[in-house]
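What follows is a set of notes on a single structure, which appears directly below.
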Amino acid sequence: MKVLVINCGSSSLKYQILDMSTESLLAKGLVERIGMDGSVLTHQKIGLDEKNVVEATMNDHKEAISQVITVLADPVFGVVKSMADIGAVGHRVVHAGEKYSASVIINEDVIEALEECIELAPLHNPPNLLGIAACREIMPKTPQIAVFDTAFHQTMPPESYMYAIPYEYYEKYSIRRYGFHGTSHKYVADRAAYMLGVSIDDLKIITCHLGNGASVSAIKRGKCIDTSMGFTPLAGLAMGTRSGSVDPAIIQFIAEKEKRSIDGVLEILNKKSGMLGVSGVSSDFRDLEEAVKDGNERAALALQVFAHRVRYYIGAYMAEMNGLDALVFTAGVGENDTGMRDVICAELGNLGIKLDPVKNRVRGREAIISRDDSRVAIMMIPTNEELVIARDTYSLANKKIGLSRGV
Ligand code: AMP
């Protein structure tokens with residue numbers, strides 16, 4: 001079966017198509033500027049060097065998905081004969097609240113539940129829903145599956161997910177910690193167990209998803225017991241442009257001093273803080289490292305703040321799990337920034353975390369990068385959220401097909 005994986009943003013759409021008999025990637029692409037002037041689709045068939053760039057008016061997500069299907073069936077750049085060749089579509093959905101702890105086949109009830117979650121993820125769930133509606137309209141006979149960023153974290157115990165605020169706010173408004181990047185944390189934890197040749201049921205793992213958005217999770221016996229993001233993806237680590245956790249009283253203080261609304265301050269904490277805010281240079285770690293080479297002290301400080309927060313969560317989660325077997329780095333920074341991995345691990349030797357500077361010089365492939373005498377296995381594992389989405393989609397689509405045949 002060929003599975004199409006869709007990840008919709010408000011004006012962009014990323015896609016991949018995989019052949020699930022071999023779990024191989026056939027093609028991938030990106031649509032940008034949906035609903036704006038200059039909409040463009042960049043498509044790449046795996047194995048072909050040349051990319052196919054389609055500049056066409058795409059007024060909404062439905063028009064964008066129609067273009068994607070056209071290019072997927074293109075005689076040169078395509079990988080399917082027709083739309084009917086796509087067995088199922090998997091949608092990345094950011095927030096499922098407390099409703100779903102696993103992926104689901106999309107039906108009217110699921111759509112209704114996701115619409116109820118819009119207020120929990122106002123930036124992310126609406127475009128995810130637009131993508132789902134467009135695919136259901138264009139491919140009404142093809143099973144559509146939703147895979148949630150929050151689902152993996154639903155195993156957190158109440159003492160992890162409850163905020164110490166009046167309980168009625170949890171009951172009335174579902175205010176609690178949810179966590180995000182769940183498909184990534186799950187994927188790399190499973191891979192870590194596989195690479196170590198140990199059942200995940202016997203492991204305590206900390207996964208560090210360090211990208212533009214960043215979060216750390218504590219995974220005990222395959223289940224997430226804590227994670228650094230919270231009610232929204234603003235909490236936890238300092239990130240590219242997000243502050244991570246701050247004293248909540250700061251919000252009112254900045255609002256008064258800078259004559260801003262609460263919304264205005266949240267915008268600053270989401271878009272003008274983190275690495276960008278502290279350095280004043282960039283949210284991109286590559287730019288910061290260049291700036292450090294030129295003697296920029298604030299860029300150096302931003303990187304130190306980042307590393308400090310990651311270490312803080314590693315320590316906290318080792319205490320929560322009463323030990324640690326594997327520490328995993330993934331996502332843009334975690335996979336590529338050898339210097340950042342070095343700084344994070346530098347002072348953790350007494351906790352049994354000892355990075356090997358030579359093995360650490362790795363990018364782009366899975367590796368164990370700890371010293372032989374390190375009690376904790378330190379690992380670099382490239383994430384593959386699309387594969388997790390495709391696997392869940394394939395398995396649920398097969399169930400649906402089986403059910404409709406009365407199997
Ligand atoms: P992601 O959100 O996972 O795509 O990660 C994107 C971020 O990874 C970028 O903003 C960069 O800060 C970082 N990144 C990517 N490549 C490198 C690299 N070679 N060295 C340092 N940071 C990198």
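In each ligand, atom 1 is the first atom listed, and ligand 1 is the first ligand listed. Note that the structure is a prediction, hence the values are computed from the model and not measured.
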First locate atom CG of D284, then atom CE of M275, and finally report the distance between them rounded to the nearest 0.5 Å. 12.0 Å

Any Lys/Arg nitrogen of R136 or E108 sitting under 4.0 Å from an Asp/Glu carboxylate oxygen of the other? yes

Pair up each side-chain donor or acceptor in residues 43-52 with any protein partner under 3.5 Å, not counting sequence neighbours, and list the distances.
residue, atom, partner, partner atom, Å
H43, ND1, Y15, OH, 2.6
H43, NE2, F77, O, 3.0
K45, NZ, G78, O, 3.3

Residues lining ligand 1 [heavy-atom distance under 4.0 Å, listed by chain and residue number]: G211, N212, D284, F285, R286, A331, G332, V333, N336, D337

Would Y163 and Y169 count as a ring-ring contact (aromatic ring centres under 6.0 Å, His included) if you check the C-alpha gap in whole Å, the side-chain angles of each, and the deciding distance to 0.1 Å? CA-CA 10 Å; Y163 288 113; Y169 298 150; over 10 Å; no

Side chains of T330 and H209, donor plus acceptor under 3.5 Å: no

D19 and S21: side chain donor to acceptor below 3.5 Å: yes

